Protein chains: 2
Amino acid sequence: MYVSARSDYAVRAMLAVADAGGDPGQPGSGGELVKAATLAETQDIPLSFLQGILLDLRRAGLLHSHRGTEGGYALTRPAAEITVGDVLRAVGGALTTVRGLPAQDAGYHGVAAGLRDVWLAVDGAIGVVVDRTSLADLLVRRDHPASH
Amino acid sequence: MYVSARSDYAVRAMLAVADAGGDPGQPGSGGELVKAATLAETQDIPLSFLQGILLDLRRAGLLHSHRGTEGGYALTRPAAEITVGDVLRAVGGALTTVRGLPAQDAGYHGVAAGLRDVWLAVDGAIGVVVDRTSLADLLVRRDHPASH
DNA sequence: CAGTATTCCTACTTAGTTGGTAGGAAGAGT
DNA sequence: ACTCTTCCTACCAACTAAGTAGGAATACTG
């Protein structure tokens, strides 16, 4: 699996929003806006590059943005309901691609006919990991590294 | 997971060698040499590009080559003892890379500390699939697609 | 309500990798 | 000597990733 800088930044930014802004489901700490400049500084991400990533996350429905003097970004759903897989697919398309195409579209003939099933199995295995890990899981894991 | 054209071609070429040349472990059908031009034609791979891939596979110890009029390539081990993971690592280095670096070397700080474990879990999940699937498995799966 | 400050958002530029090609040098058989 | 095939190096085009700069929208302030 190749995790691009864009995907890596996206997950880290979402974690920072969840941590600094609080969950929208949690009463009292919900919906606080976090500025892009704050995210860029705390996670050491180039600001201009980060803005393009945040735009993708907003278009995918994972973030809510607000302009103006006290503007910023916030999660649209609680951190426990957003998975790493959601973030990866929002910025990078399909998880598994073969020569740039989704694994499902790989057409083989002859002796390599069974190969398509291998890529689909890989895609499924990756999905199990990233779709079962939520942002909230990662935040508590930071405090309790032994938990699994 | 991004499967590059180079990796895809490599697995298909290995399958074609295993199918056409026979296993070195099988008496009577072992060690027959297959020409690069034959592989390129049967699997529809550009010949010049394929030659560079075959060179990598030879250097990784997966193929044995022979020059001359009746030259060609053959497996160094039986097809049942060569996994898809062996081939992928021979031509593409590490299975999981984060921003071009192996997943183990990813260094995170602050709120993203738990992210490294996710990439390692993904790497392990991919490894389970590709390291348990041998070339021989794929060849018999072509004849019996229902088997798993 | 005009002005200003700060934000989101869009467009462009640059560097690196991937995919693919061409041409020969070295070795093996006839 | 001649032919065939692998082996090796250098090169080229296309694409994506990474990063930058400037413009448009919005909210606050006097």
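Just so we're clear, the structure is a prediction, and the values are computed from it rather than from any experiment. Below, read A as the first sequence line, B as the second, and so on, with proteins coming before strands; counting in each chain starts at 1.
Projected onto DNA chain C by closest heavy-atom contact, A:Gly71 and A:Gly52 fall at different nucleotides, the more 5' of which corresponds to A:Gly71. Nearest-nucleotide positions on DNA chain D for A:Leu50 and B:Leu54 put B:Leu54 closer to the 5' end.
Between A:Arg58 and the phosphate of C:dT10, there is no side-chain N or O to OP1/OP2 separation shorter than 4.0 Å. Using a 4.0 Å cut-off, no side-chain N or O of A:Arg6 falls inside it from OP1 or OP2 of D:dG19. Neither OP1 nor OP2 of D:dA18 sits under 4.0 Å from any side-chain N or O of A:Tyr9.
Residue A:Ala36 is in sugar-phosphate contact alone, with no base atom involved, counting any heavy-atom pair closer than 4.0 Å across all strands shown. Here B:Gly72 lies in heavy-atom contact (under 4.0 Å) with sugar-phosphate atoms only.
Note that CG of B:Leu75 is 4.5 Å distant from CD1 of B:Ile82, once rounded to the nearest 0.5 Å. Here the CZ-CG distance, from A:Arg59 to A:Leu54, works out to 11.5 Å after rounding to the nearest 0.5 Å.
Atom CG of B:Leu33 and atom P of C:dG27 are 18 Å apart (whole Å). For the pair A:Ile53 CD1 and C:dC9 P, the interatomic distance rounds to 14 Å; values are reported in whole Å. Rounded to a whole Å, the CG atom of A:Leu57 is 14 Å from the C1' atom of C:dC9. Rounded to whole Å, the distance from CG on B:Leu101 to P on D:dA17 is 17 Å. The distance from atom CG of B:Asp44 to atom P of C:dG20 is 10 Å, rounded to the nearest whole Å. To the nearest angstrom, C1' of D:dT5 lies 9 Å from OH of B:Tyr73. Going from atom CZ of B:Phe49 over to atom P of C:dA22 covers 14 Å, rounded to whole Å. The nearest whole Å value for the distance from the OH atom in B:Tyr2 to the P atom in D:dT16 is 9 Å.
Each of A:Leu120 and B:Leu135 belongs to its own hydrophobic cluster when Ile, Leu, Val, Met, Phe, Trp and Tyr are linked at side-chain heavy-atom distances under 4.5 angstrom. Clustering ILVMFWY residues whenever any of their side-chain heavy atoms sit less than 4.5 angstrom apart, transitively, puts B:Phe49 in the very cluster that holds B:Val11.
A heavy-atom distance below 4.5 Å is not found between the side chains of B:Leu39 and B:Ile45.
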Q: Heavy atoms under 4.0 Å is the rule here; annotate nucleotides 9-15 of chain D 5' to 3' with B where the base is hit, S where only the sugar-phosphate is, and - elsewhere.
A: -------
Q) Which letter, B, S or -, goes with each nucleotide of nucleotides 22-30 of chain D from 5' to 3', with contact meaning a protein heavy atom under 4.0 Å? A) ---SBSS--
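Within a 6.0 Å sphere centred on CD of B:Glu41, heavy atoms belonging to other residues, nucleotides or ligands number 12 at most.
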Q: Dump the intermediate steps for side-chain contact (heavy atoms from CB on, under 4.5 Å) on A:Arg6 and A:Asp56, then the final yes or no.
A: CA-CA 11 Å; A:Arg6 191 176 184 82; A:Asp56 278 348; 2.7 Å; yes
Q: For A:Val130 and A:Thr83, run side-chain contact (heavy atoms from CB on, under 4.5 Å): C-alpha distance rounded to whole Å, both residues' side-chain angles, the deciding distance at 0.1 Å, then the answer.
A: CA-CA 7 Å; A:Val130 299; A:Thr83 68; over 6 Å; no
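Side chain of B:Thr76 to main chain of B:Gly61: a donor-acceptor pair is present (N/O by atom type, distance under 3.5 Å, no hydrogens or angles). Checked by atom type and distance alone, the side chain of A:Ser7 never pairs as donor or acceptor with a backbone atom of A:Val3 at under 3.5 Å.
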